[in-house]
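Take a look at the structure below.
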Amino acid sequence: MEEEKKSKSMGAIVDINVTPMVDVMLVLLIIFMVITPMLSKGVSVDLVRTRNHIAMDEADQEDAILIAVTREGSVFLGRSRIEANLLKNEVEDILTTRIDKTVYVKSDARSRYERVVEVVNILRSAGCDQVGLLTEKLEETRSRAAR
């Protein structure tokens, strides 16, 4: 009788324990949630929304030159803040060794237009061939689409 109890208690458990898998997945989810904002290139701004959005996938490349203009009018080259009078020299230095002389500008929707034009003029004087103005696609609401 004791041998029967031992053999029954020693049997394999046929239920799958998913708790460790769920724990690992939650840890991975938290890691991705923390790291994802750090992967964005440059400074985060609320881009202007337009109906005729043109995707500029080249701006996401690692070697792309990205200038950001914030709502307050601050100018950033990549992730580092830079004064407007120093921007021309920095961009000139970067462009001297490059074949593709395209610079991408992303500005906050509420930044002053005059500041964005000033930055574009500085980029042109620094030897930039093309300036890409980054925008987001305007999502039309249902009520507007029904009209």
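Atom CD1 of I54 is surrounded by 12 or fewer heavy atoms from other residues, nucleotides or ligands within 6.0 Å. Around atom CZ of R112, no more than 12 heavy atoms belonging to other residues, nucleotides or ligands sit under 6.0 Å away. Other residues, nucleotides and ligands contribute at most 12 non-hydrogen atoms within 6.0 Å of the CG atom of N52.
Side-chain contact between N85 and I122 is absent, with no heavy-atom pair separated by less than 4.5 Å. In this structure, L86 and L77 have side chains that are not in contact, with every pair of non-hydrogen atoms separated by 4.5 Å or more. Contact annotation: the side chain of T102 never approaches that of E58 to less than 4.5 Å [non-hydrogen atoms, C-beta and beyond]. Residues N121 and V117 have side chains in contact (heavy-atom distance under 4.5 Å, counting atoms from C-beta outward).
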Table please: side-chain donor-acceptor pairs of residues 126-137 below 3.5 Å, with sequence neighbours left out.
from : atom 1 : to  : atom 2 : distance (Å)
T135 : OG1    : T50 : OG1    : 3.4
T135 : OG1    : H53 : ND1    : 3.1

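Note that the OG atom of S111 and the CD atom of E72 stand 9.5 Å from one another [nearest 0.5 Å]. Interatomic distance, E92 CD to N89 CG, rounded to the nearest 0.5 Å: 5.5 Å. Annotation: the span from E118 atom CD to L123 atom CG amounts to 10.5 Å, rounded to 0.5 Å. In this structure, the separation between CD1 on I65 and CD1 on I67 is 7.5 Å, given to the nearest 0.5 Å.
Closest of all the heavy-atom pairs between V48 and A109 is CG2-CA, 3.7 Å. Taking each heavy atom of D63 and R98 in turn, the nearest pair found is O-NH1, 2.6 Å. Nearest heavy-atom pair, V45 versus V69, reported as atom, atom and distance to 0.1 Å: CG1-O, 4.0 Å. Of all non-hydrogen atoms in T70 and F76, the two that sit nearest each other are CG2-CE1, 3.6 Å. Summarising the geometry of L66 relative to K106, their closest heavy-atom pair is CD2-CE, 4.1 Å, with the distance given to 0.1 Å.
Not a single salt bridge (charged side-chain N to carboxylate O under 4.0 Å, His left out) links R81 to another residue, sequence neighbours left out.
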